[in-house]
Amino acid sequence: MSKEELLQFSQKPFWVGLRWAGFITFWLGFFAIVAAVIALIVLEEKCPEESLDWWQTEVIYQVYPRSFQDSDGDGVGDLKGVSSRLDYLQELGIGTIWMNPIYKSPMKDFGYDVSDYVDIDPIFGTMEEFEHLLGIMHEKGLKLVMDFVPNHSSDQHPWFVESRKSRDNEYSDYYVWVDKRDCNTMSCDTSCSGNQPQGCPPNNWLSVPRGSAWKWDQTRQQYYLHTYLAEQPDLNFNNPKVVKEMQDILLFWLDKGVDGFRLDAVSHIHEDTDYYNKDEPPSNKPNITADDYKYLKHIYTLDLPDTIERLREFRQVMNEYGTTAEKHIFSVNEVYITEYTDVETITKHYDVADMPFNFDLIGGLGPECHTGACIYGLVNTSLGMVPEGRWSNWVLGNHDEGRIASKMGGTYESAMNALLLLLPGTPTTYYGEEIGMLDHGSITFNETRDPRGLILGPDRYQEHSRDPARTPMQWDSSEPSAGFSTNPETWLPMHPDYKTINVQLQVMIDNSTLNTYKALVALRAKRSFQEGDLVLATPTDNLFAFSRNFKHGEPSYLCVMNVGYEAELYASSEDVTANNEGEVVVKYGTRFKIGDKIKIDEQIQLDPGELVVVEFYFY
Ligand code: GLC
Ligand code: MG
């Protein structure tokens, strides 16, 4: 066919129509694809893969109320004191306060021996003052997490007072009461097989502070179990009435408006009646006396399977409450990994709480862990234990363990705070760790208050006393008590170095631990830290480094810290950064200034304890 003939066809209405149809379809398709791409980008920006809740996005700050701020000059911190320091906490940038127990208590274990779960101890203030505190916290957008102590009450709690009166009253089964050991059927220790009325305790179980976990009661003519002090009898969770009482207590505080709970000593909650007459085997650890808790393998008393069921019953109350209150009630369980607790046991706590506290840093950091490789190991193992889809968390110190600045050396406090705050997961800061407070190493036996120290006597109290890490907050350099109290006699002595380590001084110093802490908290609020991937760099003798990367056009961050004893130059590895330039956004040490543009792979030379966080873009 000739060209002319073909052109004739092209003028026919059919072919003209077809051409138009093709033309319109092409452009429609093109615009549809462009619109779809734009919509996808916009939508993805607007709704991140999963939206995070407050307990994930906010930093938790632990207030040990006896030591935070005294408002009435009795030398002991109180609720009004906490209220007066909320502005400070807001300036730090934290969003959640966990407060150690403030319930009515004879204070044998400083609040962990509760004699009334639904009232405030007068040393801390009144219920009105509590409500006031919670009210202003909420106005400021702060959340409050209470300490919940289900394992034991005080021996002064009305339940125990009744329970010990007889074997057949309303409260007689609220605690773990067991008959003395029958020496005819079981082997009895020669030390207690005499003719005393109490005979032998039902088994050889030991209490955490020291000595037998059983105490004879003259009136009931039975032994009761106390995992902690004799003044802290264990509640009996085989009794459904006890479960109900404790659930009601949760509801009481939820009705007050609290936002969550830290569940105390949960590994010990459940005891199995089948084990009441069973001895635990010796651990055969060297240099341990027979009354030391570590002397036995705790196969019958720690983390029994039913514990999780008890905890589920608590969590259920929170879940149901949360549905009606239209807010999520947060919970975190205090559970330590021990040689008797396997990883699965810990993992199960994610079913019955938002998370179990992760104590890997508290336990692993110390004088033995001053290499990049050691810290890499801790972080990597820890993250490996978080079940798929669940949220990690980090803790450097608390009221039971030594302070991190004393364990690692004050120089390293900011690097440790960077670990805490910039790794994925919720951080918990123990009060004073934002200024690098140290353990008070020279508290005398006479000044000692912690029963775990007192029980060991004047020669050995320092081995277990928790007082060194509980001294009052160091607010300023003023006499007599660093702004904590107007009273020169504080319940524990002030740390003697408060004139050099305190908030007031550090606020004014650019490169202080406090200002670095604030900068780190602010940085953590960025999506790259909340939701970004984590890549750990290959560690070296002195350096630990990681990057956090987020896709939606947001920057990535490289965090490098010198945790060792020698200066070292960071050699960027492919796994962490692209080979390019970045800007210093946080630093601790003297080498860099905020805003410095540096070449990641050439210029990060750090001295021991120094830290730098560099913002960069992959492309
Ligand atoms: C927890 C607390 C500790 C307390 C113990 C007994 O471990 O953190 O301070 O002594 O429980 O309640
Ligand atoms: Mg006071």
Side-chain angles (χ1 to χ4, degrees), residues 60 62-68 77 98-117 121 145-157 160 175-176 205-211 213 225-235 237 246 249 261-271 293-294 298 301-303 307 311 314 331-338 341 346 349 353 356-359 362-363 395-403 428 430-431 439 448-456 461 463-471 491-492:
I60 303 177
Q62 180 187 352
V63 167
Y64 192 71
R66 292 185 77 83
S67 295
F68 199 58
W98 153 37
M99 211 158 36
N100 293 87
I102 48 172
Y103 317 110
K104 219 160 184 216
S105 162
M107 300 289 164
K108 295 290 176 198
D109 191 19
F110 297 106
Y112 285 99
D113 48 324
V114 182
S115 56
D116 188 345
Y117 285 95
D121 194 273
V145 171
M146 299 287 274
D147 215 313
F148 180 56
V149 191
N151 179 65
H152 45 265
S153 72
S154 157
D155 63 345
Q156 302 303 307
H157 195 291
F160 190 74
Y175 295 85
V176 182
W205 297 352
L206 291 166
S207 68
V208 175
R210 172 159 306 263
L225 179 72
H226 59 91
T227 299
Y228 291 90
L229 301 173
E231 293 89 349
Q232 293 169 295
D234 276 49
L235 284 154
F237 279 91
M246 297 318 273
I249 289 160
F261 299 95
R262 173 259 190 194
L263 279 72
D264 179 69
V266 295
S267 298
H268 303 281
I269 283 185
H270 180 80
E271 282 81 34
Y293 186 66
K294 294 199 192 83
H298 304 295
T301 50
L302 256 195
D303 297 305
T307 297
L311 293 170
F314 296 147
S331 72
V332 53
N333 292 352
E334 187 212 21
V335 50
Y336 282 85
I337 299 183
T338 68
T341 330
I346 301 290
H349 285 267
F357 265 136
N358 166 14
F359 293 128
I362 246 192
V395 182
L396 292 174
N398 64 28
H399 62 294
D400 292 327
E401 306 283 329
R403 286 184 177 277
T428 302
Y430 183 47
Y431 81 96
D439 289 337
T448 295
R449 300 285 172 265
D450 182 18
R452 300 233 187 131
L454 293 173
I455 209 167
L456 285 175
Y461 70 99
E463 287 173 31
H464 287 303
S465 174
R466 295 167 293 180
D467 290 339
R470 294 177 175 182
T471 56
W491 81 283
L492 282 176

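Each residue takes its place number in the sequence, starting with 1. Counting starts at 1 for both ligands and their atoms, in listed order.
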Colleague: His152 heavy atoms, cut-off 4.0 Å: which ligand 1 atoms fall inside?
Modeller: 6 (C), 12 (O)
Colleague: Any donor-acceptor pair under 3.5 Å linking the side chain of His298 with the backbone of Tyr293?
Modeller: yes
Colleague: Verify, without hydrogens or angle tests, whether Asp113 (side chain) and Gln232 (backbone) share a donor-acceptor contact under 3.5 angstrom.
Modeller: no
Colleague: Need the ligand 1 atom indices (1-based, order shown) with element for anything under 4.0 Å from a heavy-atom of Tyr228.
Modeller: 5 (C), 6 (C)
Colleague: Give the residue and atom name of whichever protein heavy atom lies nearest to atom 4 (C) of ligand 1, and the separation in Å to one decimal.
Modeller: Asp109 OD2, 3.4 Å
Colleague: Which protein non-hydrogen atom lies closest to atom 1 (C) of ligand 1, naming both residue and atom, and how far is it?
Modeller: Asp264 OD1, 2.7 Å
Colleague: Name the closest protein heavy atom to atom 7 (O) of ligand 1, giving the residue it belongs to and the distance to 0.1 Å.
Modeller: Glu334 OE2, 2.9 Å
Colleague: Any donor-acceptor pair under 3.5 Å linking the side-chain atoms of Asp121 with those of Ser105?
Modeller: no
Colleague: Is it the case that Arg403 places NZ or CZ above or below the six-membered ring of Tyr431, under 6.0 angstrom from the centre and within 45 degrees of the axis?
Modeller: yes
Colleague: Would you check if the side chain of Asp439 reaches a backbone N or O of Gly402 as a donor-acceptor pair within less than 3.5 Å?
Modeller: no
Colleague: Is a side-chain N or O of Arg470 found less than 3.5 angstrom from the main chain of His399, in a donor-acceptor match?
Modeller: yes
Colleague: Is there a heavy atom in Glu401 that sits closer than 4.0 Å to ligand 1?
Modeller: no
Colleague: Does His268 approach ligand 1 within less than 4.0 angstrom via side chain, backbone, both or neither, non-hydrogen atoms only?
Modeller: neither
Colleague: Looking at Ser465, is its backbone amide N or carbonyl O close enough to the side chain of Asp450 to form a donor-acceptor pair, meaning the two atoms are under 3.5 Å apart?
Modeller: no
Colleague: Provide, to 0.1 Å, the distance between atom 8 (O) of ligand 1 and the closest protein heavy atom, together with that atom's residue and name.
Modeller: Asp400 OD2, 2.4 Å
Colleague: Please could you name the atoms of ligand 1 that Arg466 approaches to less than 4.0 Å, counting only its heavy atoms?
Modeller: 3 (C), 4 (C), 9 (O), 10 (O)
